[in-house]
Amino acid sequence: MQNSVIAYPRIGALRELKFAIEKYFKKESSKDELFAVAKGLRKTHWLAQKEAGIDFISCNDFSFYDNVLDTAATFNVVASRYKALNLDPLDEYFAMARGYQGEKGDTTALAMKKWFNTNYHYLVPECDNAELISLNSSKILSEYEEARALGIEPKVVITGIFTFFKLINFADENTKNKAKERLLTAYEALFDELNKKGVKWVQLDEPYLVYDLKATDLALFKDFYTALLAKKANLKVLVQSYFGDVRDIYDTLCSLNFDALGLDFIEGKESLKLIKRGYPTDKLLFAGLVNGKNIYKNNYEKTLNLLSEIQNFANNVVLNTSCSLLHSPYTIKNEQRLEVRYLEHFAFAEEKLQELKELKEIASSSNYKENSLYKANVALFKKPTDKDNKAVKERIAGLKDSDFVRLPKFKEREQIQKKALNLPLLPTTTIGSFPQTPDVRSNRLAFKQAKISSTQYTKFNQGKIKECIKLQEEIGLDVLVHGEFERNDMVEYFGESLEGFLFTQNGWVQSYGTRCVKPPVVWGDVARFKPITVAWSEFAQKQSDKIVKGMLTGPVTILNWSFPREDISLKESTMQIALAIRDEVLDLEKAGIKIVQIDEAALREKLPLRKSDWHSEYLSWAIPAFNLVHSGVRADTQIHTHMCYSEFNDIIKEIDAMDADVISFEASRSNLKLLDALKEANFQTEVGPGVYDIHSPRVPSVSELESTMSKILAKLPKEQIWINPDCGLKTRGYKEVIESLKNMVEATKTVREGL
Ligand code: GLN
Ligand code: ZN
């Protein structure tokens, strides 16, 4: 038996790559220095896999920002607006990732979208000139050489042509048709070059296959691969799926001339059923059995039972990860604070390599139940834990239907609130956080490390809140925020104040580009043991006559951005969190807070990839969990929510059913397309479509903002619209924040006058 890793995290155990890239962005280091750090990390990551005895190690899984963007660069799928900047390749690449504003021009970044059902974001390639498409294999080939120099014969990984094509945003049908041909030619050229180089295996990542596919998709896939596989010569081709099963295209995959199929047996509910229909004897099966997304140890008993079932149908199985290990943190070795009784249940990327090694060894031994590694693993899963909280279980059991309904109904509340809050048309606000400057972070750190007292810590933050309120008043915003200086992260902060969560010190996972998140771990039953945000919000409100929003994170987002438990359902875990946040909402209201924003930035994240599962497996409890959080407030308390994306055309009804009073969302990178859909669906909730992109340091001009606002006004009634940036400002610098918000307020005033 052999084993394999789909892809390995590249950011580094201590986020070395993040810091190196950011240094380069700040012009504090040269290209060569950046390249040297990157090369060092690739080496470390390859050697870790080599030492663990991994048979199939990937190259080209490294990226300075995102693998889809890398694929776009490889095939020169670059929109003309970036070409026009005339930058060198690396800077053109970063211009697509982050936008560009400098001596060579001014243009926005590519749209960014969540990568399937993960919290990783990819950049959406834009193609307005298909003639440009051509192969540049230098990154691929040089990384291949690098791995070979370390004594590794790697498989070359690249986004598959079908998935890549499906993810590109084309200017028009013509371009799309043209691109289809040219892209195929370019992939064929890549196959040629890989052959010339003597590459043995290529892995084409085709996660798009786990969606519901149409007949036209099947035909497209078949066309692409019939042509491409005819060019494979000595190259062996693995088509790799993940995040689900490939039920719509399994037969086609079997019938094409692939050398191996990669199937996911963790999230692929029907993968086993599929291979039971028969698996081609001429193909290896890369079986995803080690979860690439979780942090918990693999249950060897379950895995080996499943493996032996798989082996009844496929004779040549390679033990694989279920997806790229990019979605798991790097290693538990840098965790000094967690007690062994917890840590012994964890396996991050590096430990997953060990699991692959052990599973390979155990599966190859004749009487594996006697194997000591196996026995140790079985014993671990039988150990008693401290997960249960009786009071929480009882409260969940006692919930009634009426606990999920807010009264009076929206229209009635809306009138009451318009009177009570007395805001102008197009109220301006922000999403919550203000820049997390070094002093803010070091104050928090000093407090955490007990270097300053809680009074000192609080005093400092109160000072920051005062400044922040004053700044917002000066800028002229209508609804203010306190700035979130006490928060490291919108989820971790709440987790820390709730029983049932555990925290890592270095469990970082890449979210987008150089941004990493450190998700908390839901370990046991969740309960709130004290008010969390009330004192900060109360203090902030006292500083101003304007309304200051209370700021909370919603239960679905807390769950989706944590590593979930695997011993109870997601639904049960989420309801426990919902009850805790509900108590916080009611405490804020009691403290005189008139608007409470409950962020559900990640609501969409765990939406099943197949539409047929959306309701039954997710929305049927995720929406009620949000309802449970705010159903207890008064009619004149306004509930806001915020989402970090604009793709909810397909769940508009459900979003409306969350029954918030106002929702803000990301819209600037996606051209406000959603507004049509909102209008069509007769969307009730008031909306604040983000009028500029905070993921880019670019400052939007007043006229640009005015034109965005007019576009919004053309689609929605003016009484329904709020004006805000598209997300929190914490990753930005004050200079650009102040300029951008001033422009936003100025544009709003002008637009308002015209109404
Ligand atoms: N209130 C949060 C903030 O402003 C929301 C962050 C988010 O949506 N990711 O930072
Ligand atoms: Zn957001």
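When a ligand or atom number is given, it counts from 1 through the structure's own listing order.
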field: Nearest non-hydrogen protein atom, atom 5 (C) of ligand 1
entry: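 For atom 5 (C) of ligand 1, the nearest protein heavy atom comes out as Asp599 OD2, 3.3 Å.
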
task: Around atom 6 (C) of ligand 1, find the nearest protein heavy atom and jot down its residue, atom name and distance.
output: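 Minimum-distance protein heavy atom for atom 6 (C) of ligand 1 reads Met490 SD, 3.3 Å.
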
Greater than 12 external heavy atoms within 6.0 Å of Lys518's NZ: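 Atom NZ in Lys518 is crowded, with more than 12 foreign heavy atoms closer than 6.0 Å.
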
Is it the case that [X] and [Y] place a side-chain donor and acceptor less than 3.5 Å from each other?
X	Y	value
Trp536	Asn461	no
Thr637	Lys594	no
Arg444	Gln436	yes

Can you list the atoms of ligand 1 that are under 4.0 Å from a heavy atom of [X]?
X	result
Cys644	7 (C), 8 (O), 9 (N)
His642	8 (O)
Ala601	8 (O)
Gly728	3 (C), 4 (O), 10 (O)
Gly432	4 (O)

- prompt: Does the N or O separation between Trp561 and ligand 1 drop below 3.5 Å for any pair?
  reply: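 Trp561 vs ligand 1: no N/O contact under 3.5 Å.
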
query: Parallel, tilted or perpendicular: which fits the ring planes of Phe503 and Phe501, with parallel below 30° and perpendicular above 60°?
result: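 Because their plane-to-plane angle is under 30°, the rings of Phe503 and Phe501 count as parallel.
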
message: Is the ring pair Tyr65/Tyr512 parallel, tilted or perpendicular, if the boundaries are 30 and 60 degrees?
response: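 Aromatic pair Tyr65/Tyr512 classed tilted.
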
query: ligand 1 versus Met551, non-hydrogen atoms closer than 4.0 Å: side chain, backbone, both, neither?
result: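 For Met551, only side-chain atoms sit under 4.0 Å from ligand 1.
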
message: When you measure from the centre of the six-membered ring of Tyr100, is the NZ or CZ of Arg698 closer than 6.0 Å and no more than 45° off the axis?
response: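 Geometry flag: not set, cation outside 6.0 Å or 45°.
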
field: Contact with ligand 1 for Lys730, non-hydrogen, under 4.0 angstrom
entry: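 No, Lys730 has no heavy atom closer than 4.0 Å to ligand 1.
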
- request: Apply the test ring-ring contact (aromatic ring centres under 6.0 Å, His included) to residues Phe243 and His327: give CA-CA distance (whole Å), side-chain angles for both, the deciding distance (0.1 Å), then the verdict.
  value: CA-CA 11 Å; Phe243 305 141; His327 309 292; 5.7 Å; yes

task: Using the Zn ion (ligand 2) as the apex, give the angle to atoms SG (Cys727) and NE2 (His642), rounded to 10 degrees.
output: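 Rounded to 10°, it measures 120°.
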
task: Using heavy-atom distances, let me know which of Ser433, Ser664, Cys727, Ser511 sits nearest atom 4 (O) of ligand 1.
output: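 It is Ser433 whose heavy atom sits nearest to atom 4 (O) of ligand 1.
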
